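See structure below.
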Amino acid sequence: MKGARWVIAAMLGLAITGCDPSPPVNVAPPSGRGWSAAPIAEDTHSVIAQRLPRVTYQGGPLLLNPHIVSVTFAGDDPAIIDRLVSFSDTITHSDWWHQAVETYCTPSQDCVGEGGPADHLHVDAPLAAQVRDVDIDDLLIGLAGDRRFDTAEPDLLLIVYLPAGVQLTEATSGGYCGDGPRGYHRSVRIGNIKVAYAAVPRCGDLDATTTTASHEILEAVTNPDPSMPGFALDRGSVSGGFTAAGAEPADPCGLITERLPQTIIDGVTVHRVWSNRAAAGGHDPCQPATPGAPYRALVPDQPTVRLDHVGATTTIGLQAFSDQSVPAWATSALDLTGYQEHQHYLDIVLDAVTVTPGQKAELTITVRSIPAHQSAVVALRSTFAGHTHMWPLLVVMR
Amino acid sequence: MGSTILDKQWVSTKSRPRQAYSRGRLPIATATAVAVMTGGIAVSALAAEPPPLSGSCTVPGAVLPCSASIGQTYAGATIGPADTRAAVQGVLLKLLGPPVEVRPLTAMLASSAADVTFTPSKVAGAQRFWWSYTGPAQNLAYISVHSAGGFAVIGVAGLRAGTVDVSTLLGGQPVTGVQLWTTLYSKADPIVASALHGAGFVGNVRLGKIEDGTVGCLHAETASPARCVFTPQSGAWAETPDGNYARTGQPVTLDGRPGGDYITAARINPDGTVPALVPSGHDSAGYYVDTILSRSCTIEALGTAQNATGQPIVNYATREVGTNSNPHPDGAQPTRTEVVKKPNGTTVTSYYYTGQGAALNDRDGTERDPSGAYYSGSERCHVANMGGYEAPAAKRPNVVWGKVDATSTILWRAVAAVSIAN
């Protein structure tokens with residue numbers, strides 16, 4: 001098929017739900033790829049492995065071999081533009097990418113692979129100081145009308161890099177950067193074609209920008225139309241804590257790394273992303289993790305708690321686990337959503353300050369106030385030698 | 001380039017390129033429309049061997065109406081002379097994405113039949129005809145028009161009559177038969193908001209366009225469609241480059257006061273989609289983000305107790321629901337009974353249910369699990385159609401003067417403003 005090669009496996013009569021949570025991995029390179037991955041070993045004895053959710057195929061479109069076109073603007077630092085263009089050209093050929101997408105094959109074995117060559121786009125005019133997401137839609141429609149890019153390019157993905165000093169806003173979340181989001185992706189309808197794109201404001205230095213860009217590129221490739229999820233965690237209550245900051249493959253890692261999701265691979269700073277392989281082995285699901293570092297977790301007996309009125313209280317069991325033999329570590333619990341929103345939604349009492357693997361503890365939660373979104377995340381934190389792992393517990397207050 | 005954000009004083013004046021729909025009559029497949037879809041492919045004259053159809057659904061980004069030729073393959077279904085359901089589903093899967101399930105509302109018709117009128121009465125051999133449907137189905141969505149070389153699919157969701165001209169779509173081939181189809185699923189047509197006013201704006205929440213100060217609405221109990229006045233004080237609404245929209249599922253009065261007997265509704269697009277708020281694909285940087293509703297929802301038949309999917313409702317009701325339904329249509333077991341004396345002196349037994357499957361009355365038509373979280377998936381999200389409008393569906397007893405009538409039957413109805421089930 002000419003044009004955007006968005007693949008919808010369900011078109012082939014395949015079930016959308018009930019996907020194998022650990023898609024089969026081929027020894028021979030599958031369609032769309034030049035490399036293969038080793039089979040995933042499920043650790044059936046690991047409670048962590050049993051409790052961590054998996055990214056599964058939800059039936060939506062994909063960009064199998066994305067042609068990533070960076071869109072840059074006059075007024076931006078030429079050296080930074082060069083780095084971002086190079087980043088866009090090389091990111092899908094990196095080890096990070098290979099690891100990130102290794103299990104992203106549809107049941108019909110269409111797999112997310114490396115990107116193809118693309119002509120980048122530099123706009124010879126500066127952007128306004130304040131830009132809305134709807135303005136970017138119109139900008140891209142205008143650029144397409146001027147034939148600055150070909151909307152029929154297969155697997156086209158535009159990455160709009162906003163220069164420093166340009167503030168991005170949107171209706172649903174207000175302003176970007178600071179305490180707000182760092183970037184977004186979606187598709188814009190241009191004529192009769194939906195074109196996937198991401199917008200990356202300059203929330204910090206180059207490392208911060210490539211961290212966000214890697215996040216958006218992975219999620220735009222695996223979910224080019226966010227209204228039709230491609231590869232994502234299921235949003236049910238079983239994984240509700242992990243999907244509280246989004247269900248696409250990089251979102252949970254922004255949450256459970258407590259806003260420190262970046263890591264450096266081959267000299268480039270990228271976002272850590274959800275790994276089905278690591279989850280299946282009972283390891284830190286946000287990869288790449290620190291090599292050799294043990295994964296510690298305080299795992300609740302139930303993934304979601306319902307407390308439907310102010311004053312409602314419950315006590316739930318927790319148990320400490322690690323993927324290695326480790327000494328005792330410090331624990332704590334936090335009303336994370338309340339902390340993030342500068343509110344006090346929950347009173348939290350954890351009856352242990354340190355735990356060892358296998359040790360049980362109890363957490364008492366009492367509702368102090370109910371947020372408009374009627375849900376909050378409790379962060380169950382495990383800290384050792386200055387490094388923290390967080391397990392999210394969702395509290396539904398309706 | 002036209003208006004852009006490259007100017008410092010940018011003003012949003014540009015309308016988004018959206019498909020134009022006509023109401024009250026079918027979008028006629030004109031030669032112009034076909035030329036757009038095909039890039040102006042010339043139509044062959046009839047020959048001994050049927051020529052390929054024009055307006056192919058294989059064109060990138062194709063939209064309805066479009067045509068499929070015998071021998072083409074869509075979503076694994078190769079178009080042949082038989083098995084039209086698989087063929088039509090294949091085309092719609094390509095155009096609309098999964099899930100798609102169409103069901104024949106009629107057999108292949110060569111002329112007028114019960115509930116379906118054609119003018120001229122015999123459509124076989126014709127290339128242009130008027131149609132109308134007078135049956136009870138509210139989820140009529142597509143018409144397929146067949147010829148020797150293939151068929152054309154035309155979106156007619158929300159419509160009851162119109163004119164079809166397939167002279168170009170079918171490449172000049174005469175019509176051999178016409179079939180009407182219902183759809184099981186309603187899909188979101190994502191819209192980007194530039195500003196939101198009020199609560200409840202989660203991803204994929206359906207939106208009704210505010211036109212001339214009114215929005216489509218359905219009476220919560222009778223489901224009769226109307227246009228309700230909608231002002232900024234009526235409820236939650238969104239500004240978009242395409243105009244203003246009200247969130248569906250909000251109770252309003254006909255004159256636009258909040259909390260009335262009508263429920264805001266979305267007008268159904270002919271391709272079976274309804275406007276909905278585009279889900280945010282943003283990197284929240286670890287901050288809590290609200291849920292995303294299902295893009296596709298099951299269309300339920302109002303006034304019935306049967307579920308369109310055939311599967312029982314599993315919504316976990318946290319409240320007690322009184323009804324005269326026993327046995328319960330979704331398999332719930334009564335926790336208690338009560339004999340109610342009616343004003344006319346007769347007595348009726350009310351059965352009270354709670355927990356799984358007891359009832360559903362959610363403003364987004366979506367079922368919840370025991371922890372209060374939404375279930376995902378099209379089969380757990382429910383909408384109801386009436387008169388070309390769609391509203392969130394509820395499976396509940398009747399409401400009279402703001403109170404649940406525990407002597408009424410649990411049926412599919414529009415969502416009610418009172419608390420039922422959850």
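Numbers restart at 1 for each chain; the letters A, B, ... are given by sequence-line order, proteins then strands. Quick caveat: nothing in here was measured; it's all calculated off a predicted structure.
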**OP:** May I ask you to decide if B/Tyr375's main-chain N or O and A/Arg235's side chain share a donor-acceptor pair within less than 3.5 Å?
**Re:** no
Subject >> Shortest non-hydrogen contact from A/Val134 toward B/Ala193 >> reply: CG1-O, 3.9 Å
Original post:
Any side-chain heavy atom of A/Ser173 within less than 4.5 Å of one from B/His282?
Top reply: yes
**OP:** Can you measure from OG1 (A/Thr172) to CG (B/Leu277) and round to the nearest 0.5 angstrom?
**Re:** 7.0 Å
Subject >> Interatomic distance, A/Asp135 atom CG to B/Ser194 atom OG [nearest 0.5 angstrom] >> reply: 9.0 Å
Original post:
Taking C-beta and beyond as the side chain, do A/Ser375 and B/Tyr288 meet within less than 4.5 Å on heavy atoms?
Top reply: yes
Original post:
Which region of B/Tyr287, side chain (C-beta onward) or backbone (N, CA, C, O), has a non-hydrogen atom less than 4.5 Å from a non-hydrogen atom of chain A, or is it both or neither?
Top reply: both
**OP:** Select one option (side chain, backbone, both, neither) describing which atoms of A/Glu170 are under 4.5 Å from chain B's heavy atoms.
**Re:** side chain
Original post:
Among A/Cys253, A/Ser227, A/Pro226, who wins on heavy-atom pairs under 4.5 Å with chain B?
Top reply: A/Ser227
**OP:** Among the options B/Ala285, B/Gly200, B/Ala195, B/Pro370, pick out the one with the most heavy-atom pairs lying under 4.5 Å from chain A.
**Re:** B/Ala285
**OP:** Considering non-hydrogen atoms only, spot the tightest contact between B/Ser376 and A/Asp234 and give its length.
**Re:** OG-OD1, 2.9 Å
**OP:** Check whether any side-chain heavy atom of A/Met228 lies under 4.5 Å from a side-chain heavy atom of B/Pro98, and answer yes or no.
**Re:** yes
Original post:
With only heavy atoms counted, which part of B/Tyr374 is less than 4.5 Å from chain A, the side chain, the backbone, both or neither?
Top reply: backbone
Subject >> Top contributor to chain A interface from B/Thr318, B/Val202, B/Val278 [non-hydrogen pairs under 4.5 Å] >> reply: B/Thr318
Original post:
Under a 4.5 Å heavy-atom cutoff, which of B/Ala238, B/Ser284, B/Ser296 has the most pairs with chain A?
Top reply: B/Ser284
Original post:
Of the backbone (N, CA, C, O) and the side chain (C-beta and beyond), which part of A/Thr337 lies under 4.5 Å from a heavy atom of chain B, both, or neither?
Top reply: side chain
Original post:
Taking side chain as C-beta onward, heavy atoms only, is B/Asp283 less than 4.5 Å from A/Glu216?
Top reply: yes
Subject >> A/His373, part contacting chain B, at a heavy-atom distance under 4.5 Å >> reply: both
Original post:
How far apart are the closest heavy atoms of B/Gly372 and A/Arg398, and which atoms are they?
Top reply: O-NH1, 2.8 Å
**OP:** Could you look at A/Asp133 and say if it's the side chain, the backbone, both or neither that has a heavy atom under 4.5 Å from chain B?
**Re:** side chain
**OP:** Counting only heavy atoms closer than 4.5 Å, note whether A/Ala372 contacts chain B via side chain, backbone, both or neither.
**Re:** neither
